[in-house]
Amino acid sequence: MRLAGKVAIITGAASGMGAATARMFAREGAKVVIADVLAHEGAEVVASIGAAARFEQLDVTDEPNWEAVVASTVRHFGRLDILVNNAGVSGSAEQDLYSTAAWNRIMAINATGPFLGMKYAIPAMVQSGGGAIVNLSSIAGIIGSEGIHMAYNASKAAVRLMTKSVAVQHAKDNIRANSVHPGIMPAMRTSGRTAEPAVREKRMGVIPMRRPGEVDEVAYAILFLASDESSYVTGSEIHVDGGAIAI
Ligand SMILES: NC(=O)c1ccc[n+]([C@@H]2O[C@H](COP(=O)([O-])OP(=O)(O)OC[C@H]3O[C@@H](n4cnc5c(N)ncnc54)[C@H](O)[C@@H]3O)[C@@H](O)[C@H]2O)c1
């Protein structure tokens with residue numbers, strides 16, 4: 001098994017790509033903490049996995065909450081090896097693309113959230129002798145997009161660069177950090193315009209592979225970066241986008 005003996009925290013794992021990643025990690029031998037604001041959906045993911053999984057209520061914008069979740073993970077599973085910062089919200093439901101409130105909310109969840117996660121996970125990883133951090137950015141963290149609040153682009157670009165910063169600063173601690181950049185996937189819970197069939201169809205037309213991605217196609221990239229198979233890969237990024245930004 002590719003993650004035997006490892007302990008992972010996955011944020012936003014009550015839904016979508018986070019849930020798919022949690023199930024895949026557990027199949028590969030990891031103990032997984034499903035950390036999310038959605039308690040009911042999180043409990044369902046835990047039930048589908050069994051004893052290798054635990055739910056922790058986590059709002060990624062809440063610093064004391066992060067500190068408590070990392071401490072509780074180490075108390076329960078004895079160590080922390082992997083952090084997947086996956087929780088996020090879309091910027092495509094906003095009516096006002098210059099809303100300051102939306103800017104603050106999206107940046108808090110998508111950028112400050114991963115920052116706080118790394119702030120508390122890194123000391124626990126040091127205690128475990130090292131670790132792997134995988135941060136979910138997006139192709140929208142590399143190129144601009146139509147019809148979304150620019151906070152989504154800015155937050156995902158912040159994730160991309162803070163990943164490289166951690167990779168440089170913590171290589172000495174045997175901690176690797178990499179980012180994953182999905183393209184068009186099943187819509188997020190918080191998607192607005194980009195979930196509309198006509199908009200998706202139009203966006204699909206410019207993707208070389210002419211289809212959306214599947215959640216497991218992203219989870220496999222996360223699995224590789226979380227596992228020891230990627231032991232010499234840090235500060236790097238994988239685009240899981242059907243070739244969207246290769247054009
Ligand atoms: N779906 C896409 O098209 C797409 C494309 C590129 C990147 N991404 C990124 O991938 C990640 C996962 O997206 P998804 O498609 O699975 O979306 P999703 O909406 O299905 O899942 C996101 C999860 O994050 C959780 N979450 C939101 N705010 C939170 C908070 N404050 N604290 C804790 N948890 C919170 C939600 O409850 C949900 O379970 C996100 O970071 C997203 O930006 C998604």
Side-chain angles (χ1 to χ4, degrees), residues 9-24 33-46 55-66 68-69 83-93 102 104-117 120 133-143 145 147-149 151-160 162-163 179-196 199-200 203-204 207 211-219 221-222 237-242 244-245:
I9 295 175
I10 306 174
T11 69
S15 176
M17 294 189 270
T21 302
R23 294 194 182 96
M24 190 177 283
V33 170
I34 313 294
D36 206 297
V37 282
L38 298 176
H40 177 71
E41 291 81 350
E44 285 179 348
V45 177
V46 169
F55 177 74
E56 290 278 357
Q57 183 85 35
L58 173 67
D59 177 344
V60 296
T61 66
D62 181 335
E63 185 158 359
N65 199 173
W66 259 118
V69 167
L83 171 66
V84 181
N85 275 313
N86 163 80
V89 287
S90 167
S92 74
N104 288 333
R105 186 177 56 83
I106 294 166
M107 292 301 285
I109 297 171
N110 291 3
T112 309
F115 162 74
L116 291 174
Y120 289 98
I133 296 169
V134 184
N135 291 327
L136 269 288
S137 175
S138 167
I139 58 171
I142 303 171
I143 57 172
S145 328
I148 67 171
H149 196 295
Y152 189 74
N153 297 100
S155 65
K156 292 302 183 181
V159 166
R160 180 177 183 236
M162 70 172 92
T163 304
S179 55
V180 171
H181 301 252
I184 298 183
M185 303 300 299
M188 298 172 71
R189 285 171 179 269
T190 47
S191 292
R193 285 173 292 279
T194 53
E196 290 167 13
V199 174
R200 284 178 71 81
R203 296 179 78 201
M204 221 71 75
I207 296 177
R211 67 167 178 88
E214 294 171 9
V215 290
D216 274 354
E217 291 177 312
V218 172
I222 299 171
E237 51 191 71
I238 298 183
H239 309 154
V240 187
D241 67 349
I245 61 165

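In what follows, residues are counted from 1 in the order of the sequence shown. What you are looking at is a predicted structure, and each value in this text was computed from that prediction instead of being measured. Read the numbers this way: they start at 1 and go in the same order the structure lists the ligands and their atoms. Hydrogens, waters and symmetry mates play no part in the numbers below; they use all other heavy atoms, side chains included.
Taking every non-hydrogen atom of Gly183 and a distance limit under 4.0 Å, the qualifying atoms of ligand 1 come out as 3 (O), 5 (C), 6 (C). Close approach of ligand 1 to Asn86 (heavy-atom distance below 4.0 Å) involves ligand atoms 11 (C), 12 (C), 40 (C), 41 (O). Numbered from 1 in the order shown, with element, the atoms of ligand 1 that lie under 4.0 Å from a heavy atom of Gly16 read 16 (O), 20 (O). Short contacts between ligand 1 and Asp59, defined as distances under 4.0 Å to a heavy atom of the residue, involve ligand atoms 30 (C), 31 (N), 32 (N). Which parts of ligand 1 touch Pro186 is read off a 4.0 Å heavy-atom cut-off, strictly below it: atoms 1 (N), 2 (C), 3 (O). Applying the 4.0 Å criterion to heavy atoms of Leu38 picks out, from ligand 1, the atoms 37 (O), 39 (O). Per-residue contacts place Ser138 under 4.0 angstrom from the following atoms of ligand 1 (heavy atoms of the residue considered): 6 (C), 7 (C). Atoms of ligand 1 lying under 4.0 Å from any heavy atom of Pro182, numbered from 1 in the order shown and given with element: 5 (C), 6 (C), 7 (C).
Scanning the protein heavy atoms around atom 26 (N) of ligand 1, the nearest turns out to be Ala87 CB, 3.9 Å. Protein heavy atom closest to atom 33 (C) of ligand 1, with residue, atom name and distance, is Leu58 O, 3.0 Å. From the protein, the heavy atom lying nearest to atom 20 (O) of ligand 1 is Ser15 OG, 2.6 Å. Looking at atom 27 (C) of ligand 1, its nearest protein heavy atom turns out to be Gly88 O, 3.8 Å.
The shortest N/O to N/O separation between Met17 and ligand 1 falls below 3.5 Å. The shortest N or O to N or O distance between Thr190 and ligand 1 is not under 3.5 Å.
No side-chain N or O of Ser179 forms a donor-acceptor pair with one of Thr163 less than 3.5 Å apart.
Scanning Gly12, Gly141, Ala35 for the heavy atom closest to atom 24 (O) of ligand 1 points to Gly12.
When heavy-atom distances to ligand 1 are checked against a 4.0 Å cut-off, His181 has no atom that comes that close, whether in backbone or side chain. Contacts between Ile109 and ligand 1, counted as non-hydrogen atom pairs separated by less than 4.0 Å, involve the side chain only.
The residue from Glu41, Glu44, Arg189 that alone fulfils the side chain to side chain donor-acceptor pair (under 3.5 Å) condition with Ser15 is Arg189.
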